[in-house]
Enquirer: 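Sharing a structure, written as structure tokens. Questions coming.
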There are 2 protein chains.
Amino acid sequence: MAPLAPHPLDPLRPEEISKTVSILNNAYKGHTLVFRVITLAEPPKAVMVPFLEAEHQGIIDQPPPRCARVQFYQDVAAQFYEALVELETAKILRQEHLPGRHSYVDSTEMEAAERACLNAAEVQDVIRKLGLPEGATVCIEPWTYGTDGMNDMAERIIMCYFYMRLSEHGDANHYAYPLDICVEMSGDLKVKRILSLPSGQNDRCGEVSQVGVQPFDRNKIHSTREYHPDLVTERRTTTKPYYVVQPEGPSFEVSGNLLTWEKWRMRVGFNYREGLTLHDITYDGRSVFYRLSLSEMFVPYGDSRAPYPRKGAFDLGSNGAGVNANALNLGCDCLGHIKYFDGYHHTIAGDPVVLPNVVCCHEIDDGILWKHTNYRTTNAVVTRSRILVLQTIITVGNYEYIFAFQFTQDAQVNYEVRATGILSTAPINLGDSVPYGTMLGPGVMAPYHQHLFSLRIDPAVDGQKNSLMVEESQPMLVDDPAVHNPFGVGYTTVTKPVEHETPLDTDVSKGRVFKIVNENVINPITGGPVGYKLVPHYSQMVLAHPSSYHFKRSEFGEHAVWVTKYHEDELFSSGQFTMQSLGGEGIASWIRSRAPLDIRNEDIVVWHTFGTTHNPRVEDWPVMPAEKMLVSLKPVNFFTENPAIDVPISTQERNGSVLVKSNGDGKPCSQQNTPQEHASCNQ
Amino acid sequence: MAPLAPHPLDPLRPEEISKTVSILNNAYKGHTLVFRVITLAEPPKAVMVPFLEAEHQGIIDQPPPRCARVQFYQDVAAQFYEALVELETAKILRQEHLPGRHSYVDSTEMEAAERACLNAAEVQDVIRKLGLPEGATVCIEPWTYGTDGMNDMAERIIMCYFYMRLSEHGDANHYAYPLDICVEMSGDLKVKRILSLPSGQNDRCGEVSQVGVQPFDRNKIHSTREYHPDLVTERRTTTKPYYVVQPEGPSFEVSGNLLTWEKWRMRVGFNYREGLTLHDITYDGRSVFYRLSLSEMFVPYGDSRAPYPRKGAFDLGSNGAGVNANALNLGCDCLGHIKYFDGYHHTIAGDPVVLPNVVCCHEIDDGILWKHTNYRTTNAVVTRSRILVLQTIITVGNYEYIFAFQFTQDAQVNYEVRATGILSTAPINLGDSVPYGTMLGPGVMAPYHQHLFSLRIDPAVDGQKNSLMVEESQPMLVDDPAVHNPFGVGYTTVTKPVEHETPLDTDVSKGRVFKIVNENVINPITGGPVGYKLVPHYSQMVLAHPSSYHFKRSEFGEHAVWVTKYHEDELFSSGQFTMQSLGGEGIASWIRSRAPLDIRNEDIVVWHTFGTTHNPRVEDWPVMPAEKMLVSLKPVNFFTENPAIDVPISTQERNGSVLVKSNGDGKPCSQQNTPQEHASCNQ
């Protein structure tokens with residue numbers, strides 16, 4: 001049973017969602033409120049920090065009041081409002097109209113757009129003219145409308161891309177048959193335009209009403225690549241079972257949203273937009289991070305032909321990593337002993353909805369943590385690395401992203417992203433090609449694109465006052481009388497503090513390292529400040545031109561590292577409202593819009609942009625083997641020795657490995673490593 | 001039982017070692033041969049490739065004759081010879097004197113040097129003058145002499161660094177007490193010089209005979225950081241057991257040195273110098289790599305004061321990754337079902353010696369391989385990634401390195417290096433500091449250094465004729481009438497072939513990708529050549545100045561990627577003889593020394609330099625949590641779809657995970673996920 005009262009950082013509970021709804025419905029009597037967001041309004045840091053500090057010392061202060069942040073339509077989407085509701089007192093602390101703003105995608109809205117699209121008479125007419133083969137099922141893939149400057153963004157538009165499958169199976173790979181039709185649907189489910197997509201390098205987008213409909217080229221029909229097991233008849237039988245067995249259960253303890261594991265302690269959060277968030281992260285009682293979260297992600301496509309520049313998905317701001325989180329299945333997504341956390345959301349009417357199993361928590365073994373053999377005594381001492389994994393998986397249309405925070409016994413935090421799922425495909429004429437896409441099959445092209453992620457790191461390294469240092473490893477000069485470097489091998493580190501909010505670039509050639517330090521806490525051994533360093537995932541930054549909407553709307557994609565002074569509500573590095581945004585509201589704009597803010601020894605936030613330039617390969621088809629990206633945060637002179645010096649020593653008693661011997665015919669025979677060797681199996 | 005006849009790529013067997021020895025002893029009757037190397041002379045590629053091709057087709061050709069490469073002293077180290085011996089015919093095909101060359105470190109030689117050093121009267125005298133505390137045990141750490149231009153390199157010199165422990169325990173951390181004495185020992189075990197090490201930033205190396213002996217500063221005595229479990233009294237009890245259980249055994253099969261796993265097939269090699277080597281690597285019957293190995297590694301130190309520029313260890317060429325490989329312990333180093341491979345070596349008299357368990361082979365689960373959920377049907381399909389690991393661990397003095405080749409079900413190859421073990425420490429006066437080292441404790445400084453690795457990739461992507469392509473992702477021009485990029489989002493890939501042997505640099509800002517392709521084999525779907533791409537580990541290159549011996553001796557450290565035309569005996573990118581080398585014999589020199597060689601559609605070799613600039617942190621003390629470095633080789637349009645589309649679907653039946661629920665007090669209670677929930681435990 002969860003504790004009776006929610007912790008100030010706990011997500012809103014179903015009953016709190018209901019209460020919020022009734023408060024607002026009461027206040028807006030006579031109107032129909034369409035609830036798009038009902039989420040915890042995290043208390044301001046100025047209030048939370050003292051509360052948490054007291055709590056860590058066992059003092060339970062009066063908690064700050066529970067508040068809900070709500071976004072809703074008053075009757076119609078054009079009347080888009082945001083409100084801040086205080087639950088206990090039922091007060092509406094703030095409410096404001098958000099003219100020109102759009103809510104994130106509503107899946108019911110998308111489904112309604114699909115249906116309306118398919119049912120529209122003019123669309124049916126176009127489908128007929130396509131002359132699809134017998135047994136074809138048309139599948140629509142609705143996309144948010146990434147701004148390209150061609151439309152008034154005040155109007156909500158959904159791009160309905162068309163695909164087809166010839167198999168009856170509901171999970172047949174319709175991406176294998178992209179059709180050259182795309183329907184622009186308005187938010188009120190009307191057909192705005194029917195586009196004829198460019199199907200060759202020199203082809204251009206047109207409107208079907210002007211250029212007509214090209215009949216589907218039957219030569220494109222092929223033996224499609226499928227992923228669903230019903231449709232993949234030959235399957236390997238060579239992979240033997242592999243179980244993770246934890247006879248004493250896992251090493252973590254969970255009480256409500258409070259999670260403790262191997263000296264780590266943190267609170268697990270979850271919301272509709274960011275998905276998994278982590279709060280008040282401490283190691284062995286020392287503060288490390290105030291909050292860790294994915295701030296935004298952006299998937300810009302590199303196909304220059306209209307309408308494809310509209311393909312630029314903000315999967316958090318416009319889709320929601322929380323609402324799109326998979327309900328994880330025991331034994332499918334994770335191995336071993338799994339604890340799940342549910343999320344709480346709501347219908348548009350405001351009825352609470354449980355999102356079951358959206359976060360899983362489990363351990364993995366990551367091999368050797370540390371080892372040393374003293375060659376003089378031949379005594380080997382080895383320890384194994386046990387890692388805690390907190391993971392969510394989102395499905396956003398064709399793609400899946402697996403987000404995992406990992407905590408290690410040596411006080412390291414990793415953030416791993418895996419991209420999998422299915423490539424977004426576009427139609428192409430047989431025999432044609434484009435310089436910004438890969439052919440996957442006859443008539444099937446996968447356009448180039450990037451996946452860019454913005455990890456938001458709100459540090460509290462031994463406290464809230466932190467600084468960002470940039471350290472480089474530089475060769476010492478040779479032939480300089482002031483420098484003692486007679487053999488030319490010397491190198492030193494040069495460290496410079498970052499004084500103001502700014503973007504920064506990685507430069508591995510200089511050994512550039514970003515360290516978040518607390519200059520008020522000096523390591524007694526090294527004489528320098530305690531800190532954590534960022535180990536970036538080196539990535540190419542956004543390729544779109546600075547004049548483009550891809551560039552202007554994302555902002556975070558321009559540089560690998562950003563540092564800002566903490567501001568309440570600066571959570572999303574492309575801005576609060578990404579849906580059909582025009583840009584100018586992201587992290588670059590925040591910095592530019594204000595006088596240089598001192599960030600030395602202040603409450604700072606560090607943002608890391610990383611990702612992958614994804615120029616598809618055929619191996620990514622029909623479903624992509626996960627591409628892994630890893631970011632780490634490692635203690636640097638935070639401790640006075642290896643924090644994992646005390647982990648259990650790795651022994652056969654603890655680990656129970658099994659020796660495999662091979663017999664003459666090459667087949668392994670397994671046996672326990674007993675002193676008496678198994679007679680029937682010899683090496 | 002291993003097959004009767006060795007495969008041409010199998011390491012020399014004990015009986016073959018003995019036979020080699022007797023052939024040479026016979027030929028050199030009257031002399032005492034000191035055997036430094038007796039290893040397989042791999043047959044020339046021109047012979048091996050046709051043999052392997054026939055073998056793959058089930059035809060067993062007449063195998064090439066088994067030959068041994070031998071390096072030995074004829075009575076004295078100055079008479080250093082290399083011979084090529086054909087075993088069957090007992091012929092010595094080649095023998096040559098190697099004047100001025102040094103063999104790699106001999107551990108017995110090192111131990112003898114330690115003993116001779118400690119026992120030398122003048123050293124005993126110095127130790128007395130140090131005035132060490134009661135109960136001190138002096139420990140000597142012998143180091144190879146990295147060339148610094150100060151001595152005639154024809155003479156073999158061993159640097160004996162001095163440490164001390166105060167504990168009686170044989171594994172007490174003597175690195176906590178570095179002494180400021182270093183003894184130069186000659187190869188014939190005489191004391192050459194006794195050095196007084198620089199102990200402050202402005203301190204300089206001197207000879208004890210001139211500057212005297214500084215008594216040990218008793219204020220340096222402290223509560224030392226220890227790693228041995230006998231000496232670390234408080235140990236975590238929170239880490240619960242974690243077993244990997246494989247009830248049907250592992251998925252691999254081993255017959256002799258032939259290993260097959262999940263469509264991979266390869267031969268496992270091992271030798272004194274490179275340690276683990278892999279040969280004739282195919283996936284699903286298609287050739288991918290001819291040979292994979294670590295070519296060299298170099299650990300240059302950045303402390304500019306004499307004698308520290310001599311600290312530049314070539315752990316393969318000068319120490320030997322094979323001879324220093326740990327005998328892995330079941331259950332300690334690896335989890336699950338483990339197959340071990342032994343190595344074979346010999347005493348200096350030529351008696352064969354088994355190096356047991358030097359390579360371990362096992363599987364790991366690496367999380368989700370691919371997943372997709374069709375939101376229309378809500379059907380989720382997920383597979384898990386099973387990885388094959390072939391691992392060795394070497395101990396070279398203070399440090400350990402864990403080398404693992406990993407093979408995945410989606411036809412990827414990873415090379416992971418973990419650095420662990422103990423930092424090399426140097427003495428420093430209390431209150432002093434240096435700009436190229438980290439303080440670890442009173443009087444204990446850990447100098448900055450780099451770990452640089454050279455991975456040798458001998459590809460055979462669908463055959464021996466390969467090319468190296470460099471691809472970059474470039475934004476399309478805006479405002480250029482010839483370029484259709486109206487929205488500024490377009491980007492394309494530009495691919496250039498590498499025409500001649502050359503070094504190359506990484507550049508992630510350009511999305512630079514190195515692809516090894518076979519231009520003669522065109523992917524029917526993409527229309528381009530099949531290939532594998534290198535996913536580098538982005539690293540800072542060697543920091544030492546080009547005029548330094550560190551730089552000149554290593555060569556590979558200058559650039560991240562090198563490509564050469566295949567040459568027999570070009571295996572070691574710093575050259576054949578690194579021991580006290582002068583440079584000029586590594587990969588840069590090979591390329592410079594010859595006219596530009598065509599490497600387009602040729603038998604090429606690709607070399608990747610990666611590593612870490614290691615500026616120690618206190619968390620690395622007293623033993624370092626493993627720092628991981630990962631290189632990958634991924635198929636790019638080698639296949640016609642995801643090669644892992646057919647792996648088993650992940651289900652609870654296959655995986656047997658366990659649901660963890662938490663009860664009110666926060667302690668998890670584990671239970672099987674049965675339809676009826678366990679009554680005594682609720683959420």
Side-chain angles (χ1 to χ4, degrees), chain A residues 1 170-171 225 235 240 243 245 248-249 251 253-255 302 304 309 330-332 337 339 370 372-374 377 395 410 420-421 435 473 475 478 485 487-492 508 511 538 540 543-545 548 550 613 617 623 625 636 641 646 650 652 655-658 660 662 664 666 670 673, chain B residues 1 170-171 225 235 240 243 245 248-249 251 253-255 302 304 309 330-332 337 339 370 372-374 377 395 410 420-421 435 473 475 478 485 487-492 508 511 538 540 543-545 548 550 613 617 623 625 636 641 646 650 652 655-658 660 662 664 666 670 673:
Chain A
M1 252 172 47
D171 295 299
R225 305 293 180 177
R235 194 157 293 282
K240 305 262 192 318
Y243 299 102
V245 173
E248 295 179 31
S251 319
E253 293 189 7
V254 175
S255 176
S304 65
L330 187 68
C332 301
H337 283 238
K339 155 74 183 167
W370 54 260
H372 185 62
T373 300
N374 180 351
T377 61
T395 299
D410 58 320
T420 182
S473 292
V478 296
N485 188 21
F487 300 95
V489 304
Y491 80 86
T492 59
V508 73
Y538 294 102
Q540 185 171 34
L543 280 158
H545 193 267
S548 70
H550 280 350
T613 295
R617 43 170 202 153
V623 63
V636 195
E641 70 172 336
D646 63 344
S650 182
Q652 174 61 354
N655 296 327
S657 294
V658 175
V660 173
S662 42
S670 295
N673 185 31
Chain B
M1 256 172 47
D171 294 299
R225 305 293 180 178
R235 192 157 294 281
K240 304 264 196 307
Y243 299 103
V245 173
E248 295 178 32
S251 318
E253 293 189 7
V254 176
S255 176
S304 65
L330 188 71
C332 301
H337 283 240
K339 154 75 182 165
W370 55 259
H372 185 62
T373 300
N374 180 353
T377 61
T395 299
D410 58 318
T420 180
S473 292
V478 297
N485 190 21
F487 301 93
V489 304
Y491 80 85
T492 60
V508 73
Y538 294 102
Q540 185 172 34
L543 280 159
H545 193 268
S548 70
H550 280 350
T613 295
R617 43 171 201 151
V623 63
V636 195
E641 69 172 336
D646 63 344
S650 184
Q652 173 60 354
N655 297 328
S657 293
V658 175
V660 172
S662 42
S670 295
N673 185 28

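Order of the sequence lines sets the chain letters (A, B, ...), proteins ahead of strands, with each chain counted from 1. In this text the structure is predicted, and so the values were computed from the model without any measurement.
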Enquirer: With rounding to the nearest 0.5 angstrom, report the NE2 to CZ distance, B/His550 to A/Phe487.
Expert: 10.0 Å

Enquirer: Does any heavy atom of chain B fall under 4.5 Å from the side chain of A/Val623, the backbone, both, or neither of them?
Expert: both

Enquirer: Answer whether the closest heavy-atom distance between the side chains of A/Ser473 and B/Gln540 falls below 4.5 Å.
Expert: yes

Enquirer: Check whether B/Val245 gets within reach of chain A through its side chain, its backbone, both or neither, counting any heavy atom under 4.5 Å.
Expert: both

Enquirer: From A/Tyr491 OH over to B/Ser304 OG, what is the distance, rounded to the nearest 0.5 angstrom?
Expert: 12.0 Å

Enquirer: Tell me the closest heavy-atom pair linking B/Val660 and A/His337, and the distance in Å.
Expert: CG2-CB, 3.6 Å

Enquirer: Which bit of A/Thr395 is near chain B, if near means a heavy-atom gap under 4.5 Å: side chain, backbone, both or neither?
Expert: side chain

Enquirer: When rounded to the nearest 0.5 angstrom, what is the spacing between CG in A/Leu330 and CD in B/Gln652?
Expert: 4.0 Å

Enquirer: For the side chain of B/Asn374 and the backbone of A/Gly170, is there at least one donor-acceptor N/O pair under 3.5 Å apart?
Expert: yes

Enquirer: Return the minimal non-hydrogen interatomic distance between B/Val489 and A/Ser548, and the atom names on each side.
Expert: CG1-CB, 4.0 Å

Enquirer: Where on A/Asp410 is there a heavy atom nearer than 4.5 Å to chain B: the side chain, the backbone, both, or neither?
Expert: side chain

Enquirer: Are B/Lys240 and A/Ser251 packed together at the side-chain level, in the sense that at least one heavy-atom pair is separated by less than 4.5 angstrom?
Expert: yes

Enquirer: Nearest 0.5 Å please: distance from the NE2 atom of A/His545 over to the CG atom of B/Asn485.
Expert: 8.5 Å

